[in-house]
Every structure is written in C-alpha cells, then in structure tokens.
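Here the structure is laid out as structure tokens; the discussion comes afterwards.
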Amino acid sequence: MMDSDRVGIVAIDWTLALLLAAATGWSALRAGIPLLVGGAALVGFAMGLWAMRWAGSRPRRFALPTFALPEFPNGAVEALPEGVVRLPLRPLPTPGELEARIQRHMGQRPAQAAEVVPLHADAGAALRQALAGLRQARP
C-alpha cells in the first residue's frame with residue numbers, strides 16, 4: 001500500500017496527464033480529424049504522464065531550510081520569547097450586551113432626518129424635449 005504523499009503525487013500526475021489528453025483530443029476534433037481524436041488523446045496522455053514523471057524524478061533545485069518550532073508552555077506568560085505580542089484574554093460580549101451597547105450609543109444623539117428639498121423642475125418637459133431631439137436627428 002502507498003503512503004498518502006505518494007498517492008497525492010500520483011493523483012496530480014494522472015490528473016494533469018488526463019487534462020493534456022483531453023486538450024489534444026479536443027484539438028484534433030476541432031481540426032476536423034475525428035478519426036484521430038482517440039489517438040491524439042492517447043499520445044497527449046502518454047506525453048503528459050512522461051513529462052510529470054520526468055519533472056518529479058529530478059532533484060530539487062532549492063533546498064528548503066529546516067527550522068525548529070518553538071514550544072509555548074500553557075499559561076506561562078514569562079516564558080514567551082521577546083517581541084511576542086499577546087492579546088488580552090477577555091470574553092466576547094453576549095448578544096444582550098451588544099444590544100445594550102447599541103441602544104446606549106443610539107440614545108446619545110438624536111437621529112437626524114434628512115432635509116427634503118422639493119424639486120420645481122418638470123422632468124416630463126425635459127423628457128419630451130430629449131425625445132423630440134432624437135426624432136429630428138433620425139434620417
């Protein structure tokens with residue numbers, strides 16, 4: 001049985017090879033050669049699988065640096081490394097507390113209504129004028 005890393009690599013290899021096979025088959029179909037669709041797809045799949053295996057067998061170009069994860073003891077604030085910002089541990093407000101805050105905030109200042117300005121322009125006249133201009137512009 002294969003381990004999960006190897007299964008993931010094989011799945012990626014086959015998926016990309018199948019995508020290349022579908023692309024080559026579709027290209028053959030669009031080129032107007034329907035008899036060669038299967039052959040083109042097979043060649044595309046073989047080339048894609050070969051390319052993925054070839055790329056995976058090469059050694060890595062860049063080595064990833066190794067590092068050790070720091071261990072944090074539970075509840076010991078003094079043991080934290082220098083420069084670590086610790087957020088305060090306060091409980092989140094309940095919905096009732098949030099509603100009380102909103103009500104208190106809304107009660108501090110009265111709600112201001114927008115001033116209504118009546119318009120004295122006749123929009124109908126402007127529309128009729130624009131339509132008349134369009135009629136005159138038509139040949």
Side-chain angles (χ1 to χ4, degrees):
M1 183 156 211
M2 295 194 298
D3 59 345
S4 62
D5 290 339
R6 183 70 187 143
V7 169
I9 290 171
V10 169
I12 291 171
D13 289 352
W14 278 68
T15 302
L16 293 177
L18 285 172
L19 284 173
L20 185 61
T24 53
W26 181 81
S27 298
L29 185 65
R30 294 292 291 173
I33 312 170
L35 297 176
L36 295 180
V37 171
L42 185 62
V43 168
F45 178 75
M47 287 178 58
L49 198 56
W50 174 80
M52 293 304 295
R53 298 268 167 96
W54 176 77
S57 66
R58 294 175 34 197
R60 287 191 177 168
R61 217 178 208 180
F62 304 105
L64 297 175
T66 58
F67 60 92
L69 293 175
E71 293 187 24
F72 297 107
N74 293 338
V77 178
E78 298 83 20
L80 289 177
E82 189 66 33
V84 173
V85 177
R86 185 173 174 138
L87 298 174
L89 297 175
R90 59 178 173 207
L92 293 174
T94 64
E97 291 171 344
L98 287 175
E99 186 177 354
R101 278 191 208 172
I102 293 170
Q103 293 300 329
R104 191 170 53 242
H105 177 73
M106 295 301 287
Q108 288 178 354
R109 62 181 114 116
Q112 296 178 349
E115 181 182 349
V116 177
V117 178
L119 296 176
H120 299 292
D122 183 17
L127 179 62
R128 283 189 291 279
Q129 185 180 7
L131 288 174
L134 286 174
R135 284 189 197 116
Q136 290 175 356
R138 284 176 44 192

Next item on the list: Identify the two heavy atoms, one from Ala21 and one from Ala41, that lie closest to each other, and give their separation to 0.1 Å.
Entry: CB-O, 3.2 Å

Check: How far does CG of Leu49 sit from CE of Met52, to the nearest 0.5 angstrom?
Finding: 9.0 Å

Check: If you group Ile, Leu, Val, Met, Phe, Trp and Tyr whenever their side-chain heavy atoms sit less than 4.5 Å apart, what else falls in with Leu36?
Finding: Ile33

Item checked: Interatomic distance, Glu97 atom CD to Arg104 atom CZ [nearest 0.5 angstrom] -> 9.5 Å

Check: Out of curiosity, Leu131 CG to Gln136 CD, how far, rounded to the nearest 0.5 Å?
Finding: 11.5 Å

Check: In the hydrophobic cluster built from side-chain contacts under 4.5 Å, what are the other members alongside Met47?
Finding: Val43

Next item on the list: Can you see which heavy atom on Gly48 is nearest to which on Ala17, and at what distance?
Entry: C-CB, 3.9 Å

Notebook entry, point to check: Looking only at heavy atoms, what is the nearest atom pair of Leu98 and Pro93, with distance?
Noted result: CD2-CG, 3.7 Å

Margin query: Test side-chain contact (heavy atoms from CB on, under 4.5 Å) on Leu18 and Phe45; report intermediate values, then the result.
Written below: CA-CA 6 Å; Leu18 285 172; Phe45 178 75; 3.8 Å; yes

